[in-house]
Amino acid sequence: MTISIMNERTQVLLRSLPAMEIMLSDPRNVSHLKSVNRDLLKNMCSSVLDEFRRSILEGERISFDEDELFGELDRRILAVARPSLVPVVNGTGVVVHTNLGRSCLAPEAASVVDLVSRRYDTLEYDLEAGERGHRNSHVEGLLCCLTGAEAAVVVNNNAGAVLLCLAALGSGKSAMVSRGELVEIGGSFRIPDIMAFSGVRLVEVGATNRTHLRDYERALEYDTSMVMKVHPSNFRILGFHSEVSREELARLSHERDLIFMEDLGSGILVDLEPLGLAGEPTVAQCLEAGVDLVTFSGDKLLGGPQIGGIVGRKALVDRIRTHPLLRALRCDKMTLAAFEATLRIYLRGEWRKIPTLDMLARSPEAIRERCDRLAAALASVVASDGQVSVTEVQDAVGGGAFPATDMLGYAVAVRVGSCSAGRLQERLRACATPVIAGARDDTLLIHGRTLLADDDERVVRAFTLLVEEGWS
Ligand SMILES: *Cc1c(COP(=O)(O)O)cnc(C)c1O
């Protein structure tokens, strides 16, 4: 479109847009300069003006006032200036909630992170020798103590740990995996893809629901170097099902000079059977059963930071230590500090101090009492606008472990006449500390199991705000 055929109204509208410098020096921008620097503010003013100019020229905008212009600028500044990775209240009852950051660190682990991140430290420094040390050394001895392993290394996460083990020990050869374990784990981690990427040829063994020792024996090929066992994560085969025990696979592997590795997924360090969580072995139990190398996550049931642990035979771990991928997958100092502090809690036998394990260990009675207290506080906030009660719910472990195990828990149930449960969830997500809640039968549910120490107050504050602002 050229100026000559532009109608008069369009020209008037265009002329009424402020010049960039005028817009920039408007008093309404003073507060914006606390959120974004001057250059960025200038770019944003200019892009908002461009946008308005374009919509006028294309006839989409037939009127204009300055409030609209500054409203758009406000929205854009808020979108970049508002913190994005923020704490939330987990009211879902899913303990290892992958979308909500999986595990919460124990306070003493978090304070070591704070300390180490602000100061110089011994990350790769050997104080005794006064020379270069190894970052892995801070946790290797602890992992060996807690799992009975001969050696250990850690990397960025368990996906990286599996990739590294396969690349360092099996590249150019083949590895056998049961068809029942060729799973995809949330976030598109697929065993066949990881194997292909690390240069290991996959040999599938048995059938999806049943795999026997003879299947492994028959599948052996000239270049087979590994037997890999994979935790099936959320996937469970029920009914007509069989798999080969670790002991049998270890015997076969060692007779045939193969490496027996297991991707354990969650990786627990203490037996959770006393908590009613049976059927998942500890890392130590896997090694005892004859697995040569076990990999696991640090931030699932272990309750530490995101990390990938590799523990097992020294000769194998030593081969991994020198692989170039280790450098690419190494952990940063904050992670290592948090992991070391978490392992020390286990060393002292104080695992109840690990929030993830504490949440799993909470008794239904204790959760009920807590929900009763929170419900009483919420009832006085909600008053006659709705009903607050306490109801029985099923909580979940999460993180792919114990998928078939439901844990009895309690939740505070909230119904507000003028506001659906879905809308309540949405409003709670928009609070300063967002509250992530569940819902059932158009009733909002705040599960007590996953609430941390002062979360009750946060929930009460969130509801107080909703009452003040009006429910809808
Ligand atoms: C969770 C999981 C992974 C991925 O671990 P990350 O620490 O998230 O990388 C791999 N394998 C299994 C069996 C898992 O459960």
Side-chain angles (χ1 to χ4, degrees), residues 94-105 139 143 152-167 170 175 177-198 200 202 208 226-237 243 246 249 260-269 272 277 279-283 285-287 291 293-312 320 325-326 328-332 334-336 338-339 342-343 356 360 396-405:
V94 180
V95 177
V96 182
H97 197 305
T98 296
N99 303 140
L100 303 183
R102 285 193 181 163
S103 274
C104 311
L105 290 182
V139 295
L143 275 173
V153 282
V154 290
V155 292
N156 182 56
N157 59 10
N158 186 31
V162 174
L163 178 69
L164 176 60
C165 290
L166 289 170
V177 186
S178 162
R179 287 199 167 89
E181 298 172 354
L182 288 173
V183 293
E184 174 181 309
I185 292 143
S188 69
F189 174 86
R190 284 186 171 170
I191 292 295
D193 296 346
I194 293 271
M195 293 182 83
F197 190 70
S198 51
V200 178
L202 167 63
T208 302
M226 238 188 227
V227 173
M228 187 177 176
K229 186 171 175 61
V230 183
H231 189 287
S233 196
N234 287 331
F235 176 71
R236 272 293 172 280
I237 303 164
E243 61 181 316
R246 286 183 185 81
L249 283 179
F260 178 22
M261 86 168 257
E262 176 164 7
D263 172 14
L264 191 55
S266 223
I268 51 181
L269 296 182
L272 300 181
L277 296 170
E280 301 258 1
T282 62
V283 177
Q285 284 165 349
C286 294
L287 293 172
V291 182
L293 218 48
V294 178
T295 69
F296 54 91
S297 291
D299 56 351
K300 290 184 178 171
L301 284 177
L302 200 151
Q306 177 187 303
I307 219 164
I310 303 171
V311 300
I320 289 167
L325 252 185
L326 180 67
L329 295 170
R330 77 181 185 187
C331 309
D332 77 305
M334 292 182 276
T335 304
L336 282 166
F339 196 49
T342 305
L343 294 178
T356 301
L360 294 176
V397 176
F402 302 99
T405 310

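Both counts, for ligands and for their atoms, begin at 1 and track the order of listing.
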Nearest heavy-atom pair of Gly298 and Leu302: which atoms, and what distance?
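Scanning both residues completely, I find the closest heavy atoms to be O-CB, 3.5 Å.
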Find all atoms of ligand 1 within a distance of less than 4.0 Å from any non-hydrogen atom belonging to Ser297, and give their numbers and elements.
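Close to Ser297: 5 (O), 6 (P), 7 (O).
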Distance under 4.0 Å to a non-hydrogen atom of Phe189: what atoms of ligand 1 satisfy this?
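Answer, ordered by atom number: 10 (C), 11 (N).
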Flag side-chain contact, heavy atom, 4.5 Å: Phe402 against Val96
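Side chain of Phe402 against side chain of Val96, heavy atoms only: no contact under 4.5 Å found.
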Any side-chain heavy atom of Met228 sitting closer than 4.5 Å to one from Leu166?
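Yes, close enough: below the 4.5 Å cut-off.
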Residue-ligand contact [X]/ligand 1, heavy atom below 4.0 Å:
X: Glu181; answer: no
X: Gly265; answer: yes
X: Lys300; answer: yes

Any N or O on [X] sitting closer than 3.5 Å to an N or O of ligand 1?
X: Asp263; result: yes
X: Asp299; result: no
X: His231; result: no

What protein heavy atom lies closest to [atom]? Include the residue and the distance to one decimal.
atom: atom 8 (O) of ligand 1; result: Arg102 NH2, 2.8 Å
atom: atom 9 (O) of ligand 1; result: Ala159 N, 2.8 Å
atom: atom 10 (C) of ligand 1; result: Asn158 ND2, 3.2 Å

Asp332: which residues meet the side-chain contact (heavy atoms from CB on, under 4.5 Å) condition with it, sequence neighbours left out?
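For Asp332 the side-chain contact (heavy atoms from CB on, under 4.5 Å) partners, ignoring immediate neighbours, are Met334, Thr335.
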Apply side-chain contact (heavy atoms from CB on, under 4.5 Å) to Pro281 and list each qualifying residue two or more places apart in sequence or on a separate chain.
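Per chain and number, Pro281 pairs via side-chain contact (heavy atoms from CB on, under 4.5 Å) with Arg246, Leu264, Gln285, Cys286.
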Hydrogens and angles aside, do Ser103 and Asp299 bring a side-chain donor and acceptor to less than 3.5 Å of each other?
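There is no such pair between these side chains.
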Calculate, to the nearest 0.5 Å, the distance between atoms CD1 and CD belonging to Ile191 and Glu181 respectively.
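Those atoms lie 9.0 Å apart.
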With a cut-off of 6.0 Å (strictly less than), are more than 12 heavy atoms of other residues, nucleotides or ligands near CZ of Arg190?
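For Arg190, atom CZ is not crowded (no more than 12 foreign heavy atoms under 6.0 Å).
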